[in-house]
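In what follows, a structure is listed as structure tokens, so that the remarks can point back to it.
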Amino acid sequence: MKAAGAFGFAAGAAAALILSNRNRACRCVGLRRLIDELPDCRSIDEMLEVVDRAFTGAFGFPFAVLLMERDAVRVRYHSPAFVPDADDLATGARSIRTGDVVFGVRDGQARYFIALRTARGVVGSFALASDRKIHKKEWALIRSFANQVALSVFRTRLQDQAQQARALSKADRFQKTLLDSIAHNVRTPLASIIGSLSSLQEDAAVLNGEIRRELVETARQEAERLHRLLRNLLDLSRLESGSVQVRSDPCEIQDVIGAALEQLGTAARSRHVEISIDPTLPLVPMDFVLIVQVIVNLLDNAFKYSPADRPVMIEARPASHSVAISVSDEGDGIPQEDLASIFSKFNRAGRSTEAGGIGLGLSICRGLIDAHQGAIAAVRRSPRGTTITFTLPMQAAGNKNRTTHE
Amino acid sequence: MNDSMTHNAARILVVDDEQAIRRYLRVSLAAHGYELFEAATGHDAIQQTRISHPDVIILDLGLPDLDGVDVTRSLREWTETPIVILSVRDQECYKIAALDAGADDYLTKPFGTGELLARIRVALRRSSRTETTTAFIAGDLSVDLANRNIRVRDEAVQLTPTEFELLKVLVRYPDRVLTHRQIIREVWGGASYEDEMHLLRVNISNLRRKLEADATRPRHIVTEPGVGYRMRTG
């Protein structure tokens with residue numbers, strides 16, 4: 001079949017020769033363009049567009065590209081004048097199986113299926129339809145074309161695989177860190193709760209009132225710790241899924257800080273908190289609940305990481321086109337080199353896990369402040385401690401249809 | 001504990017499909033002298049309310065048949081029995097929906113027993129009260145609405161007409177959460193929510209400056225973040 005095909009179109013041979021000589025130069029340009037442009041293609045589709053421009057410009061033959069995808073031959077591309085049917089797919093599959101050129105005739109048209117061979121096997125078949133004889137030199141150029149296409153498919157697929165592997169392993173690592181972190185942070189309080197409750201149940205006879213009260217108090221505090229952890233995890237997942245709707249209502253800074261202190265309850269009442277709010281501050285557009293959450297997380301951190309007898313300071317003042325709110329403590333502070341990374345997930349700046357928490361608080365703060373088009377940063381205080389400052393723009397961002405009433 | 005004993009055998013209907021929660025409430029509320037009824041579904045809750053006439057209804061939102069907000073709405077068609085919502089849903093939109101539907105209070109699970117008992121006491125006070133509150137003393141604040149006499153640490157405080165109206169609304173529902181919308185409707189009639197929201201914040205801020213010893217840690221006018229305000233009289 002192959003032998004018959006190569007010489008079966010004698011009528012067109014002379015014309016083809018003339019055409020081929022005249023167009024040789026332009027075909028070489030087409031091939032060179034292909035070689036130049038293909039390495040820049042980032043996807044198979046992009047690559048096939050380049051192939052179409054170069055091949056159609058140089059040869060004018062209708063063509064199709066069949067690729068092996070998940071163990072099946074699929075038409076990835078075809079010229080309008082050549083729509084491969086089931087028979088064509090079968091012939092293409094044969095060229096892929098044999099790794100060779102397969103020739104066929106359909107409706108008085110010659111069809112060539114050139115296997116796209118690569119170092120890792122045959123990736124598909126380059127099919128072209130012609131109603132005239134293809135000259136030997138022309139054929140050599142077409143084979144080079146097909147080789148370039150094969151190489152390019154191979155390279156793009158490798159890139160895709162590498163990228164998928166990278167994305168997967170990143171997601172895997174994240175999931176593993178998250179799960180490890182959750183398991184640790186859930187198991188620790190659960191151990192205290194189960195331990196305390198089973199003591200109360202089993203050793204009731206030997207426990208005095210004081211110890212019983214202590215066990216009950218432990219169980220309760222640890223359960224509340226679990227609750228806070230869960231809340232932070234939920235917030236994080238809402239932030240990441242983009243399902244947090246940020247409102248923009250004019251709010252009073254004093255009210256926001258007051259609500260945060262109220263939410264912290266005894267934790268805030270047992271510490272000395274110095275509050276300083278610039279009295280000239282106007283109402284600031286924000287999502288009240290989310291900013292309360294930010295301040296709660298910042299205060300909670302300040303309480304955890306500074307001595308109980310040292311004060312924690314909250315300050316609110318006007319900044320350029322914004323309001324700046326900062327929370328400062330007199331703890332050990334954060335090493336200079338960690339200041340930028342403390343807002344990343346699960347970072348605890350080498351602090352011990354004793355103080356609890358999962359290190360999610362600050363990344364949630366950043367997520368919430370980002371959603372307000374604000375900024376958040378940490379600095380070391382002199383002589384000791386940390387100040388974390390966030391800013392909120394005075395004008396509601398992204399709310400063009402909302403009027404302000406000053 | 002003694003305080004709640006004074007509402008001798010007040011009747012409480014607990015509506016929750018979680019048996020563990022019902023058991024916990026049965027044990028701890030009975031220990032405080034309340035008489036308990038239970039329902040596990042919304043329809044059951046409505047029927048139980050008709051039959052046993054509870055003094056307070058403690059209602060979960062996530063019921064198997066009806067949503068708690070719908071139960072609240074349908075109860076409100078014929079009864080004023082105080083409803084305290086007890087739910088795991090902690091987002092403000094749920095609280096606002098339940099309160100606007102006619103619930104009296106909202107407590108998120110998990111909660112402390114002390115907090116729940118306090119809310120029940122407020123609800124019982126409301127159901128037993130025949131006249132609306134016009135005067136009360138809470139700490140250093142004394143309010144006598146009828147005589148427009150507001151005093152802080154025994155000194156008379158001057159309020160603007162809007163501030164007075166606002167205080168009147170808050171005092172009319174002592175210890176209850178009022179949503180922003182509820183307050184706005186009562187004070188301004190609520191033409192444009194956005195404009196009035198701004199007025200509400202400014203007036204609350206001014207009221208606090210006049211009534212609170214420390215406006216950053218208000219003891220009387222408490223913010224319920226994202227939901228509204230509560231006048232604390234206790």
Side-chain angles (χ1 to χ4, degrees), chain A residues 220-221 223-228 230-231 234-235 238 243-245 247-266 268-269 273-277 279 281-296 314 316 396 399 401-406, chain B residues 20 24 28 88-96 106-115 118 177 179-181 184 188 191-230 232:
Chain A
R220 186 191 163 140
Q221 276 181 9
E224 274 169 7
R225 192 163 135 195
L226 272 182
H227 184 210
R228 278 199 300 275
L230 184 68
R231 174 157 187 155
L234 285 177
D235 282 345
R238 280 181 201 137
S243 71
V244 174
Q245 300 272 321
R247 299 173 56 96
S248 181
D249 295 325
C251 297
E252 201 200 1
I253 298 294
Q254 181 170 270
D255 198 6
V256 182
I257 292 174
L261 291 169
E262 174 83 14
Q263 200 162 309
L264 280 162
T266 48
R269 280 193 289 277
V273 182
E274 286 170 13
I275 302 165
S276 138
I277 300 170
L281 275 178
L283 298 188
V284 182
M286 69 175 88
D287 189 307
F288 191 94
V289 176
L290 299 184
I291 296 303
V292 166
Q293 178 75 14
V294 170
I295 299 174
V296 164
I314 313 176
N399 262 318
N401 57 349
R402 191 182 286 261
T403 48
T404 46
H405 320 277
E406 297 305 330
Chain B
Y24 150 68
S28 45
V88 288
R89 300 181 194 165
D90 63 349
Q91 281 163 296
E92 295 70 40
C93 55
Y94 294 116
K95 301 186 187 175
I96 293 170
Y106 196 111
L107 204 54
T108 336
K109 293 174 188 167
F111 54 90
T113 311
E115 186 67 25
V177 204
T179 65
H180 295 131
R181 206 172 286 278
I184 286 169
W188 288 278
S192 144
Y193 181 72
E194 304 230 326
D195 287 343
E196 261 91 48
M197 195 61 194
H198 191 264
L199 284 175
L200 176 60
R201 300 245 193 243
V202 170
N203 277 286
I204 288 279
S205 169
N206 292 342
L207 260 186
R208 278 185 177 147
R209 208 161 294 138
K210 293 177 182 179
L211 305 184
E212 302 281 0
D214 176 359
T216 313
R217 297 174 178 213
R219 293 184 48 224
H220 306 299
I221 303 170
V222 182
T223 301
E224 290 287 331
V227 178
Y229 299 95
R230 181 198 299 271
R232 201 150 55 189

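Below, chains carry the letters A, B, ... as their sequence lines are ordered, and counting in each starts from 1.
Here the side chain of B/R201 pairs a donor or acceptor atom with the backbone of A/P250 at under 3.5 angstrom.
Note that CE of B/M197 and CZ of A/R247 are 6.5 Å apart. Values are rounded to the nearest 0.5 Å. Separation of atoms NE2 (B/H198) and CD (A/E252) is listed at 10.5 Å; rounding is to 0.5 Å. Taken from OG1 in B/T216 to CD1 in A/I314, the straight-line distance is 8.5 Å, to the nearest 0.5 Å. Atom CD of B/E92 and atom CG of A/D287 lie 7.5 Å apart (nearest 0.5 Å).
Among the candidates A/L290, A/I257, A/V292, A/L261, the residue making the largest number of heavy-atom pairs closer than 4.5 Å to chain B is A/L261. Note on B/L199, B/D90, B/T223, B/V202: by heavy-atom pairs under 4.5 Å with chain A, the leading option is B/T223. The candidate with the highest count of non-hydrogen atom pairs below 4.5 Å against chain B, out of A/V256, A/I253, A/L234, A/I275, is A/I275. Your options are A/A223, A/A260, A/C251, and the one with the most heavy-atom pairs under 4.5 Å with chain B is A/C251.
Residue B/R219 does not touch chain A at all, counting heavy-atom pairs closer than 4.5 Å. At a 4.5 Å heavy-atom cutoff, the contact between A/E262 and chain B is made by side-chain atoms alone. For chain A, no part of B/V227 is nearby; none of its heavy atoms comes within less than 4.5 Å. When heavy atoms are compared at a cutoff of 4.5 Å, B/Q91 approaches chain A solely by way of its side chain, counted from C-beta outward.
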side-chain contact (heavy atoms from CB on, under 4.5 Å) for B/H180 and A/D249? Distances and angles first, verdict last.
CA-CA 12 Å; B/H180 295 131; A/D249 295 325; over 6 Å; no
